[in-house]
Amino acid sequence: MITIKDLEKYYSTDEVRTIALNKLSFSVNEGEFVAIMGPSGCGKSTLLNIIGMLDDCDGGSYEFKGHEVSNYNERKRANLRKHNIGFVFQSFNLIDELTVYENVELPLIYTGVKPAERKKRVEEVLEKMQIMHRRKHFPQQLSGGQQQRVAVARAVVNNPTLILADEPTGNLDSSNGNEVMDLLTELNEGGTTIIMVTHSEHDAKYSHRIIRMLDGQKVTENVLA
Ligand code: ADP
Ligand code: ADP
């Protein structure tokens with residue numbers, strides 16, 4: 001599904017040039033659950049932003065389902081992203097002014113899904129995430145665990161083939177964290193590919209493979225299952 005080869009990314013501020021990704025290479029198969037680990041500053045977020053087509057690279061290649069994304073402009077990347085990728089963040093990133101229902105409906109509005117179909121799909125996914133009873137509430141009225149379930153619902157409502165999760169349990173206690181990891185596992189067993197950045201060795205064990213990074217490079221890979 002994903003082939004990354006010699007990926008490079010630089011950030012320049014004043015006289016300082018930081019190498020965030022230094023000829024990073026790896027691939028991810030359809031249906032895999034991959035964890036990416038490494039110390040703060042090693043390039044994990046940069047990598048996830050490039051895989052998620054939110055940012056572009058400065059060198060190397062990134063192939064997603066046969067598309068050479070590194071040649072794509074912002075519009076083409078956005079189009080590919082909308083139909084293929086769901087995001088789950090550490091800080092949930094829900095819109096406080098919108099209800100649970102409206103937050104989850106948003107990606108369907110962006111992709112032009114008709115109202116009747118939107119209602120059906122939002123209700124289906126809210127049921128699945130066991131958060132239907134809170135659909136009229138606003139994010140601030142929910143616990144962290146419930147907010148992350150809403151965020152997962154929003155990430156999957158468009159049936160993405162890939163979920164990118166950046167420290168999905170980073171703001172949760174262990175019980176809510178495990179619940180979110182179980183949800184991700186269930187989605188993966190249903191066929192969704194997952195790439196997750198984590199600092200937690202516990203969470204990484206839910207994956208099939210751990211890629212460890214240091215200074216913008218891959219240092220090791222462990223296959224777990
Ligand atoms: P990102 O760049 O994706 O935001 P960071 O590397 O900045 O990720 O870290 C995200 C959070 O994890 C921060 O709150 C940070 O304090 C915490 N963190 C960083 N390194 C570790 C670690 N080794 N173990 C546990 N938590 C960490
Ligand atoms: P991680 O997610 O592993 O903590 P990042 O991808 O956030 O690592 O950062 C990789 C390197 O790039 C770090 O040295 C960081 O300071 C630098 N970096 C990240 N984003 C920017 C930016 N917008 N401007 C300048 N430097 C950045």
Side-chain angles (χ1 to χ4, degrees), residues 1-28 32-64 68-70 72-75 77-78 80-81 84-94 144 147-148 151-152 154-155 160 162-172 174 177 180-181 184 188 193-224:
M1 176 185 233
I2 288 173
T3 307
I4 281 167
K5 200 161 185 317
D6 295 332
L7 201 67
E8 293 175 61
K9 180 72 182 179
Y10 308 101
Y11 294 107
S12 297
T13 42
D14 301 326
E15 279 112 69
V16 189
R17 190 168 106 131
T18 307
I19 304 178
L21 297 177
N22 187 5
K23 296 191 177 293
L24 179 68
S25 304
F26 67 91
S27 33
V28 176
E32 252 198 303
F33 186 163
V34 174
I36 296 176
M37 302 192 77
S40 205
C42 74
K44 305 180 297 295
S45 298
T46 300
L47 174 64
L48 222 55
N49 286 342
I50 293 174
I51 295 176
M53 305 177 199
L54 298 167
D55 203 355
D56 57 3
C57 59
D58 297 317
S61 74
Y62 167 28
E63 197 185 304
F64 179 87
E68 185 46 63
V69 181
S70 55
Y72 278 18
N73 61 23
E74 216 166 301
R75 192 186 51 80
R77 286 204 309 265
L80 198 56
R81 176 174 67 237
N84 285 284
I85 304 178
F87 294 88
V88 178
F89 304 95
Q90 175 174 4
S91 49
F92 322 131
N93 292 16
L94 297 170
Q147 288 185 56
Q148 196 59 304
V152 174
R154 180 190 54 187
L162 174 66
I163 290 179
L164 297 178
D166 194 352
E167 303 255 10
T169 69
N171 279 326
L172 301 178
S174 63
V180 165
M181 290 311 302
L184 292 176
N188 176 247
T193 307
I194 300 182
I195 301 178
M196 171 181 75
V197 163
T198 185
H199 282 110
S200 157
E201 294 287 346
H202 170 82
D203 290 358
K205 290 197 180 79
Y206 286 82
S207 75
H208 302 148
R209 180 157 60 110
I210 304 176
I211 294 176
R212 290 178 200 272
M213 289 176 63
L214 189 64
D215 296 338
Q217 292 177 313
K218 181 180 82 182
V219 282
T220 61
E221 260 187 67
N222 311 68
V223 175
L224 305 179

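We count residues from 1, following the sequence as given. Order of appearance sets the numbers: ligands from 1, and atoms from 1 within every ligand.
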I'd like to check which ligand 2 atoms, numbered from 1 as shown, lie under 4.0 Å from a non-hydrogen atom of [X].
X: S40; result: 4 (O)
X: Y11; result: 12 (O), 17 (C), 18 (N), 19 (C), 20 (N), 21 (C), 22 (C), 23 (N), 24 (N), 25 (C), 26 (N), 27 (C)
X: P39; result: 3 (O)

If I apply the N/O under 3.5 Å rule, does T13 come out as touching ligand 2?
no

Any heavy atom of T18 under 4.0 Å from ligand 2? The part involved is side chain

| said: Can you confirm whether more than 12 heavy atoms, excluding those of D215, are under 6.0 Å from its CG atom? | reply: no

Nearest heavy atom to atom 4 (O) of ligand 2, choosing from C42, G43, G41, belongs to G41

Original post:
Counting N and O atoms only, with roles assigned by atom type, does the side chain of T18 sit under 3.5 Å from a partner on the main chain of A20, one being a donor and the other an acceptor?
Top reply: no

Can you label the angle between the F64 ring and the Y62 ring as parallel, tilted or perpendicular, going by 30° and 60°?
perpendicular

Between the CD1 atom in I210 and the CZ atom in F33, the distance rounded to the nearest 0.5 Å is 10.5 Å

Quick test of your reading of the model: are E201 and R212 salt-bridged, counting only N-O distances below 4.0 Å? yes

